[in-house]
Amino acid sequence: ADNWVSFAGFYWRIIRINGDGSIRLIYSGTKTNNTGDGAQIGTSAYNTSKNEEKYADYKISTIKNVVDNWYKTNILDKGYDNKVADTGYCNDMTKKSTEEFGAYDRLKNNKTPTLKCPNKENDLLSKSNNKLTYPVALLTHDEASFAGGVYFIANYNYYLYTDKDYWTMSPAQYWSNSYSVLVGKVSIAGGMDRNNVSYSRPGARPVLSIKSNVLVTSGDGTEANPYIIS
């Protein structure tokens, strides 16, 4: 896909254009052909505790601190934040059943992704409504689905495959019999899967959005010639 972007000294891939015209990007490292550890900022548990549904909440997650610290150091402190849009991120905490959150039901059972957050009041996170510290979060499973991700089916041939597990911000299941809350991830084989939130091996790949009025100074989006945002 010709969706490469160079911004703030890092390479990114375009996920989509948001409803407000801003462009959503996912971190892809310091060079274009990165896979594995190079395509993420590190590994982290999603949260330190797993025994209640609330630990799927991105606002109180461990991984939010990891992403926020990276953003402050690499975007805010270096003066790039004026190009970042404060758009919404969906941490869909709605429940379909006692054991399934909304995104898991949509994508595993029904194959019906949506880019509309089902519960805007509780789950649409932004800096402007004081639910985020900085305008940065993670990929959603719905976004991964639109790109080509399918639950429990490998996909080595799309831009979200990195040869590593990494977290999304989409709650998946709560297993009440074992007091375990699971959040979605993109798997090492490129499919969609989920893990206990306390599992520390998946990676963190920040997602942010570039304001609609920011100019691309050069490039055509190919890996060899990414769009340059200066």
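The basis for the numbers below is simple: all heavy atoms, side chains too, and nothing from hydrogens, waters or symmetry mates. Being a predicted model, the structure only gives us computed values, none of them experimental.
- Surrounding NZ of K111 are more than 12 heavy atoms belonging to other residues, nucleotides or ligands, all under 6.0 Å away.
- Note on L125: it clusters hydrophobically with L208, by side-chain heavy-atom contacts below 4.5 Å among ILVMFWY residues.
- N129 contributes a side-chain N or O that, together with a main-chain N or O of S126, makes up a donor-acceptor pair within less than 3.5 Å.
- Using modelled atom types, no side-chain atom of K211 and backbone atom of I23 make a donor-acceptor pair closer than 3.5 Å.
- Looking at D20, its side chain does come within 3.5 Å of a backbone N or O of S22 through a donor-acceptor pair.
- Crowding of K96 atom NZ: a count of heavy atoms from other residues, nucleotides or ligands under 6.0 Å not exceeding 12.
- For the ring-ring contact (aromatic ring centres under 6.0 Å, His included) with W167, the qualifying choice from Y199, Y46, Y58 is Y46, the only one to do so.
- For NZ of K72, the number of neighbouring non-hydrogen atoms (other residues, nucleotides, ligands) closer than 6.0 Å is 12 at most.
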Query raised in the report: Taking it one step at a time, do S49 and N47 satisfy side chain to side chain donor-acceptor pair (under 3.5 Å)?
Result: CA-CA 6 Å; S49 298; N47 226 331; over 6 Å; no
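- Note: the hydrophobic cluster containing I26 does not contain M192 (ILVMFWY, side chain heavy atoms under 4.5 Å, direct or indirect links).
- Remark: side-chain polar atoms of N196 are not paired, donor with acceptor, to backbone N or O of S198 under 3.5 angstrom.
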Requested in this report: Begin with the C-alpha distance, continue with both residues' side-chain angles, and end with the deciding distance and a verdict on side chain to side chain donor-acceptor pair (under 3.5 Å) for K64 and T133.
Outcome: CA-CA 9 Å; K64 177 182 180 292; T133 311; 2.7 Å; yes
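- Residue F101 is grouped with residue Y89 when hydrophobic side chains (ILVMFWY) are merged at heavy-atom distances under 4.5 angstrom, including chains of intermediate members.
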Query raised in the report: Given the rule in the side chain to side chain contact (heavy atoms under 4.5 Å, CB included) test, do T87 and R24 qualify, once you have shown the distances and angles that lead to the verdict?
Result: CA-CA 9 Å; T87 192; R24 187 160 302 200; 3.4 Å; yes
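- The main-chain N or O of H141 is found under 3.5 Å from a side-chain atom of S170 such that the two form a donor-acceptor pair.
- The number of heavy atoms from other shown groups lying within 6.0 Å of NZ (K127) does not exceed 12.
- By the 4.5 Å heavy-atom criterion applied to side chains, S28 and W4 are counted as neighbours.
- A distance-only check finds a donor-acceptor pair linking the side chain of N155 to the backbone of G148 [under 3.5 Å].
- Here the straight-line distance linking atom CZ of R106 with atom OG1 of T94 works out to 6.0 Å at 0.5 Å rounding.
- At distances below 3.5 Å, not a single donor-acceptor pair connects side-chain atoms of N3 with backbone N or O atoms of R13.
- Hydrophobic clustering (ILVMFWY, side-chain heavy atoms < 4.5 Å, transitive): I229 and Y11 are in distinct clusters.
- Below 30°, between 30° and 60°, or above 60°: for Y80 and F7 the angle between ring planes is above 60°, a perpendicular geometry.
- One distance of note links CG of D86 with CG of L132; it measures 7.5 Å at 0.5 Å rounding.
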Query - Verdict with supporting geometry, N119 and D92, side chain to side chain donor-acceptor pair (under 3.5 Å) - result: CA-CA 7 Å; N119 189 338; D92 181 10; over 6 Å; no
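- The side-chain contact (heavy atoms from CB on, under 4.5 Å) test with L107 singles out one residue from D142, T140, T112, and that residue is D142.
- Relative ring orientation between Y27 and W12 is described as perpendicular, the plane-to-plane angle rising above 60° on a 0-90° scale split at 30° and 60°.
- Proximity of a side-chain donor or acceptor of R194 to a complementary backbone N or O of K185 within less than 3.5 Å is not detected.
- The environment of CD1 in I228 is crowded: more than 12 heavy-atom neighbours from other residues, nucleotides or ligands sit within 6.0 Å.
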Requested in this report: Carefully, step by step, assess D165 and R201 under the rule salt bridge (charged side-chain N to carboxylate O under 4.0 Å, His left out).
Outcome: CA-CA 8 Å; D165 286 352; R201 191 176 297 171; over 6 Å; no
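- Within a 6.0 Å radius of CZ in F152, other residues, nucleotides and ligands contribute more than 12 heavy atoms.
- Neither I210 nor L215 shares a network with the other; the hydrophobic side chains, linked directly or stepwise wherever heavy atoms of I, L, V, M, F, W or Y lie under 4.5 Å apart, form separate groups for each.
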